[in-house]
Amino acid sequence: MKIVICGGGNISHALAGFLASNPLNEVSVLTRKPHLWSREITVFSQNGTEEIRSTLRRVTSDDSVIQKADVVFVSLPCFARHEVLLKVQKNLPSHALVVVIPGVGGANFEMETLFKNPKVCYFHRTPYVSRIIEYGKSVQADKKQYCSVYFSSNCTTAQRKIIQELNIVETREFYTPWLLTLSNSNPIIHIARLCEIHHTQPHEECPLFYAEWGNDASELAIKMDEELKQILQRLNASQEFVPLLTYYESSDTESLTRKINSILPLHTIPAPMMKQQKYWEIDSTSRYLTEDLPYGTCFIKFMAQTLGLNSPFLDKSIRTLQKYLNECFVDQNGFLSEETFMKYISPSIIQSILLKYKLKNNLTEFVV
């Protein structure tokens with residue numbers, strides 16, 4: 001099977017290593033930095049007991065590599081996705097399956113505006129806990145227990161089987177596309193923990209993100225998750241929603257904290273922080289902020305506002321962290337500045353959502 005992976009981040013490295021380890025796959029990587037990659041890539045497990053060495057077919061910046069692909073993976077931050085999707089659109093064979101990891105930030109609506117009847121598999125969460133060891137050469141990665149996936153309506157049974165055969169991770173299919181855009185993964189988990197870290201400053205040492213996760217983060221995550229559920233219920237899209245407490249096999253704040261503290265593959269992950277003189281401060285360039293806040297949490301807030309729902313805990317979280325991006329998404333009255341929001345989310349995506357679901361919002365004055 002001919003596979004092209006678009007992107008050069010943690011997940012792209014892990015995908016390249018795992019998929020290329022199967023001799024039946026020809027794996028190429030499309031990246032802006034091909035000169036920094038080796039054709040040999042190694043995947044290490046966190047405990048060091050497993051090591052996979054793989055050989056890539058090609059590493060290139062030439063997007064024509066897509067023209068012969070059977071499967072194209074798009075694993076990029078939301079702000080970089082549109083540019084690459086245009087390259088995919090230009091070169092994609094009619095039979096090829098596109099896999100978007102993760103499918104947050106309105107990815108499914110974006111695909112619908114760019115492609116006619118796209119064949120797409122969207123991952124709700126990333127399939128691996130992964131960190132690059134040496135860029136273009138090695139990565140530490142462990143598969144998650146499972147990932148939920150959503151297929152566009154014109155995907156065939158054979159294309160669904162491709163995902164199983166590639167053995168990326170165990171998958172469970174869901175049928176509600178809103179769960180992609182309104183995700184209770186990173187937009188809630190990462191943001192709740194960053195708020196906790198913010199409120200416990202100053203930090204003389206860089207805290208561990210998950211191993212030192214506290215009850216304040218758990219309580220805030222649960223409250224935001226409840227607000228998200230109300231949004232999905234109003235959209236009649238909550239049937240397949242899995243609350244955080246259920247996902248993490250917990251029953252309350254303290255049990256959620258214990259559960260997150262106990263996840264071994266996450267133990268060594270530090271908080272996204274930089275040392276400034278004596279103290280450690282939240283890194284404003286971290287994707288936990290630049291990606292999860294505007295494309296995730298703010299998107300959830302946008303839908304709450306569109307539906308006329310109050311969301312005090314989402315509002316509080318966004319107000320706490322927005323200063324790190326030098327933005328004002330939500331004011332003290334809990335109103336989302338849609339003009340600021342639209343700096344991140346394309347007007348065409350918003351227009352597609354409003355028209356498709358017959359929703360009304362005063363942001364239509366910004367839509368062109």
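Just so it is clear, the values below take in all heavy atoms, side chains as well, and ignore hydrogens, waters and symmetry mates.
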Output yes when a side-chain donor or acceptor of Gln159 lies under 3.5 Å from a complementary backbone atom of Lys119, and no otherwise.
no
Same apolar cluster (I L V M F W Y, side chains within < 4.5 Å links), Leu355/Met303
no
Give a yes or no answer on whether the side chain of Arg319 reaches the backbone of Asp331 with a donor-acceptor pair at less than 3.5 Å.
yes
Could you measure the distance from the CD atom of Glu281 to the NZ atom of Lys275? Nearest 0.5 Å is fine.
12.0 Å
Is there side-chain contact between Leu85 and Gln89, with heavy atoms separated by less than 4.5 Å?
no
Residues at least two apart in sequence or cross-chain that pass side chain to side chain contact (heavy atoms under 4.5 Å, CB included) with Lys223, listed by chain then number, are Glu226, Phe313
Mark yes or no for whether Ser152, through its side chain, and Val120, through its backbone, hold a donor-acceptor pair below 3.5 Å.
yes
Determine whether a donor-acceptor pair (N or O, by modelled atom type, separation under 3.5 Å) exists between the side chain of Asp142 and the backbone of Ser130.
no
Find out whether Cys328 and Gln322 are in side-chain contact, i.e. whether some heavy atom of one side chain is under 4.5 Å from a heavy atom of the other.
yes
If you take all heavy atoms of Phe151 and Cys121, which pair is closest and at what distance?
CE2-CB, 3.6 Å
For Leu293 and Leu325, work out which heavy atoms get closest and say how close.
CD2-CD1, 4.0 Å
Can you hop from Val88 to Leu19 via hydrophobic side chains spaced under 4.5 Å?
no
Under 3.5 Å: donor-acceptor pair, side chain of Ser54, backbone of Gly17
yes
Less than 4.5 Å apart, any side-chain heavy atom of Leu15 and any of Ile101?
yes
So Thr320 and His199, do their side chains get closer than 4.5 Å, heavy atoms only?
yes
What do you reckon, is CD of Glu205 surrounded by more than 12 foreign heavy atoms closer than 6.0 Å?
no
Using the rule that two of Ile, Leu, Val, Met, Phe, Trp, Tyr join whenever any of their side-chain heavy atoms come within less than 4.5 Å, decide whether Ile41 and Val129 are in one cluster.
no
Got Cys78 and Glu110 here, is their nearest side-chain heavy-atom distance under 4.5 Å?
no
Around Lys2, counting heavy atoms of other residues, nucleotides and ligands shown, do more than 12 lie under 6.0 Å from its NZ?
no
Can you confirm whether Asp252 is buried at CG, in the sense that more than 12 heavy atoms of other residues, nucleotides or ligands lie under 6.0 Å from that atom?
yes
Tell me if a side-chain donor or acceptor on His267 pairs with a main-chain N or O of Asn261 at a distance below 3.5 Å.
yes
Please test Arg193 against Glu212 for side-chain contact (heavy atoms from CB on, under 4.5 Å), starting from the C-alpha separation and ending with a verdict.
CA-CA 10 Å; Arg193 175 62 171 139; Glu212 296 180 311; 3.8 Å; yes
Do Glu40 and Lys137 make a side-chain contact, defined as non-hydrogen atoms from C-beta onward lying under 4.5 Å apart?
no
If I take atom CG from residue Leu76 and atom OG from residue Ser12, how far apart are they, to the nearest 0.5 angstrom?
6.0 Å
On the 0 to 90° scale, with breaks at 30° and 60°, tag the Trp178-Phe109 ring pair as parallel, tilted or perpendicular.
tilted
Between Ser352 and Ser348, is there a donor-acceptor pair closer than 3.5 Å when you use the side chain of the first and the backbone of the second?
no
ILVMFWY network linking Val29 to Val74, side-chain heavy atoms under 4.5 angstrom
no
Counting neighbours of NZ on Lys316 that are heavy atoms of other residues, nucleotides or ligands and sit closer than 6.0 Å, is the number greater than 12?
no
State, to 0.1 Å, how close Glu240 and Tyr175 come at their nearest heavy-atom pair, and which atoms those are.
OE1-N, 2.8 Å
Separation between CG (Leu232) and CG (Leu179), nearest 0.5 Å, reads 6.0 Å
Validate the cation-pi geometry between Arg125 and Tyr247: distance from NZ or CZ to the six-membered ring centre under 6.0 Å, angle to the ring axis within 45°.
yes
Take atom CD of Glu83 as the centre, draw a 6.0 Å sphere, and report whether it contains more than 12 heavy atoms from other residues, nucleotides or ligands.
no
Full working for side-chain contact (heavy atoms from CB on, under 4.5 Å) between Ile133 and Val139
CA-CA 5 Å; Ile133 299 172; Val139 62; 5.6 Å; no
Backbone of Ser64 reached by a side-chain donor or acceptor of Asp62 within 3.5 Å
yes
Is there a path of hydrophobic side-chain contacts, each under 4.5 Å between heavy atoms of I, L, V, M, F, W or Y residues, that connects Phe79 with Ile191?
yes
Does the pair Cys155 and Leu97 meet the rule for a side-chain contact (heavy atoms from CB on, under 4.5 Å), with working shown?
CA-CA 8 Å; Cys155 282; Leu97 175 69; 3.9 Å; yes
Treating Thr297 as the side-chain partner and Asp292 as the backbone partner, does any N or O pair qualify as donor plus acceptor under 3.5 Å?
yes
Got His13 and Trp37 here, is their nearest side-chain heavy-atom distance under 4.5 Å?
yes
As an exercise, state the distance from CG of Leu182 to CG of Leu228, rounded to the nearest 0.5 Å.
6.0 Å
Taking all heavy atoms of Val72 and all of Cys6, pick out the closest pair and write down the distance.
CG1-SG, 3.8 Å
Between Lys323 and His198, is there a side-chain heavy-atom distance shorter than 4.5 Å?
yes
One should read off an interatomic distance between Thr285 OG1 and Met274 CE, to the nearest 0.5 angstrom, of 6.5 Å
Pro34 versus Thr31, closest heavy-atom pair with distance
CD-O, 3.4 Å
Atom CD1 in Ile197, atom CE in Met273: separation rounded to 0.5 Å?
6.0 Å
Verdict with reasoning, Met224 to Ser317, per side-chain contact (heavy atoms from CB on, under 4.5 Å)
CA-CA 9 Å; Met224 288 195 288; Ser317 301; 3.3 Å; yes
Any donor-acceptor N/O pair, Ser183 side chain to Leu180 backbone, under 3.5 Å:
no
Give me the atom names and distance for the closest heavy-atom approach of Phe299 to Gly106.
CE1-N, 4.0 Å
Axial cation check for Phe341 ring with Lys301, 6.0 Å and 45° limits
no
Take atom NZ of Lys144 as the centre, draw a 6.0 Å sphere, and report whether it contains more than 12 heavy atoms from other residues, nucleotides or ligands.
yes
In terms of the angle between their ring planes, are Phe209 and Trp213 parallel, tilted or perpendicular, with boundaries placed at 30° and 60°?
perpendicular
Side-chain donor-acceptor pairs under 3.5 Å in residues 164-174, sequence neighbours left out?
unit_1	atom_1	unit_2	atom_2	d
Glu173	OE1	Arg160	NE	3.3
Glu173	OE2	Arg160	NE	3.2
Glu173	OE2	Arg160	NH2	3.0

Looking at Glu254, I want to see if its CD is surrounded by more than 12 non-hydrogen atoms of other residues, nucleotides or ligands under 6.0 Å.
no
Determine, stepwise, if the pair Glu327 / Thr340 fulfils side-chain hydrogen bond (donor to acceptor under 3.5 Å, both in side chains).
CA-CA 7 Å; Glu327 296 286 13; Thr340 303; 4.8 Å; no
Check: Phe329 ring centroid to Tyr344 ring centroid under 6.0 Å:
yes
